[in-house]
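So the structure is just underneath, and the comments pick up after that.
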Amino acid sequence: MTADSGDTGRGRGGRGRGDRQQQQQLLAWFDDQQRDLPWRRSRDPYSVLVSETMLQQTRAEVVAPRFIRFMTRFPDLETLAAAQPEQVLAEWSGLGYYQRARRLHAAVRQIAASGRFPQGAEQMRSLPGIGEYTAAAVASIAFGEEVAAIDGNVERVISRRLAFAGDPKLAEGRRVVREEAQRLLDRERPGDSNQALMELGATVCLPRTPRCRHCPIRSSCQGHLSGRPESFPAARRRRRLERHRWILVFCQRADGALLLERRSDEAPFLRGAWQLPTLELEGNGGDAAEREARSQRIVEAGPSALNQWLRRRFGGRWNVDGELASLRHAITYRQIEARLVAATASGRIAGESLDWFQLEEIAALQRSSLLDKALERALDEVSDGARETRRYGTDRGPVAAARR
DNA sequence: CTCCTGTGCA
DNA sequence: TGCACAGGAG
């Protein structure tokens, strides 16, 4: 549903005249400049499915001879369906990603059993190994379905075309890219439109060095017009920040010794490091009891609940005196928001990974900089007076000194 | 969204 | 040796 009923605008999902012109320029370029690749000689859905599966993981030049071999050995869907998995894997050998070969085989067997190749992208999606991209590619190329096939190349081409500042992998970016890719589809030749965009990405709109002078649609490309096409797509955000909320317990004995806890060797990070006794309220650490504590929201229930939790975890009797400070600490993509509380303990404290240390001994331990940070803050707060400050001195203190 | 898979590259 | 990639799956 669209188009040229006199409107030049680009209402959402609609097509303006400019789109039509870009489509034609893109197709003309593709007709003229496309590489001669073996899978482009047939629109048979099975053949398209095989090539798309191979191309998911391997460059076209490498795939070309292997595709020919594969199609010689398994020329049609029924032949492949009848083959043993070992035969298929043997033919796939050297291409890697054997799980994909197994899924292709399983999908082909399902299709053969059903007696008919699924006619649309939507139906194909339910087959093993066929995701959004592959379904759209096969449906558009083999069946002329008007659906954009978005692979990494298309994502880059469109991001540049729009000078899109966001991350095309994220939900909003995916939507933006899909809508624009959809606009560039020619209704008569959606398969060629899709392939043209992918070809453009593979040969012209290259990741590092776009060759804009060779691009058939540069006149409408915002990235090109911006003068810095290579800066799109925007650098992908690093791994999503993991947020952790911890409570650090500062517990100092009358003789000045501090209670420390050694992190498990199986901890997701900071393995084996000594730290203040720590409650991990949020994050993926902690043992079973700790996860239970989280689920019961014990800490939100107040200090007495915290006392109980400490007793359960470490034994003895606990009394949380108050909050000393809150601090932030970042370790690569993990961000720790820590509340530092002071507590006193009495009775027998249990645990093999729990021990008392004099301040001078701490410097020799394996510890994270979070411990140092916390100790400085804690000693600072606790001293609360010139005499005490001189005694532990955050600047001259053994911990700070050892770190230098 | 987050994880996973092998591969290829730095 | 660790990370980026490129899709699919859960």
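Below, all heavy atoms of this structure are taken into account, side chains as well, without hydrogens, waters or symmetry copies. Naming: A, B, ... by sequence-line order, numbering from 1 per chain.
For the pair A:Arg40 and A:Asp192, the salt-bridge criterion is not met [side-chain N within less than 4.0 Å of a carboxylate O]. The residues A:Arg41 and A:Asp36 are annotated as salt-bridged, a charged nitrogen and a carboxylate oxygen being separated by less than 4.0 angstrom.
Residue A:Glu132 is in sugar-phosphate contact alone, with no base atom involved, counting any heavy-atom pair closer than 4.0 Å across all strands shown. A:Arg100 comes within 4.0 angstrom of a nucleotide base, judged by non-hydrogen atoms across all strands.
In this structure, A:Asp167 places its CG atom 13 Å from P of C:dA6, rounding to the nearest Å. Remark: C1' of B:dT7 and CG of A:Leu95 are 12 Å apart, rounded to the nearest angstrom. Counting to the nearest Å, the C1' atom of C:dA4 and the CZ atom of A:Arg59 are 14 Å from each other. Counting to the nearest Å, the P atom of C:dA4 and the CZ atom of A:Arg156 are 17 Å from each other. The distance between atom CE of A:Met54 and atom P of B:dT7, rounded to the nearest whole Å, is 15 Å. Remark: P of C:dA6 and CD of A:Glu155 are 8 Å apart, rounded to the nearest angstrom. Between A:Gln57 atom CD and C:dC5 atom P the separation is 18 Å, expressed in whole Å. When rounded to the nearest whole Å, the span between CZ of A:Arg102 and P of B:dT5 equals 12 Å.
The aromatic rings of A:Trp92 and A:Phe70 sit perpendicular to each other, their planes meeting at more than 60°, with 30° as the lower class boundary.
Not one N or O on the side chain of A:Glu230 forms a donor-acceptor pair closer than 3.5 Å with the backbone of A:Pro207.
Mapping A:Arg174 and A:Gln99 onto DNA chain B via the closest heavy atom, the residue that lands nearer the 5' end is A:Arg174. For A:Lys169 and A:Arg125, each mapped to the nucleotide of DNA chain C holding its nearest heavy atom, the one lying further toward the 5' end belongs to A:Lys169.
For the pair A:Arg100 and A:Tyr97, the cation sits on the ring face: its NZ or CZ lies under 6.0 Å from the ring centre, inside 45° of the axis.
Side-chain nitrogen and oxygen atoms of A:Thr134 include none within less than 4.0 Å of the OP1 or OP2 phosphate oxygen of C:dG7. Look at A:Gln56 and you'll find a side-chain N or O under 4.0 angstrom from OP1 or OP2 of C:dG8.
Applying the 3.5 Å distance criterion, the base of B:dG6 shares a donor-acceptor pair with the side chain of A:Tyr97.
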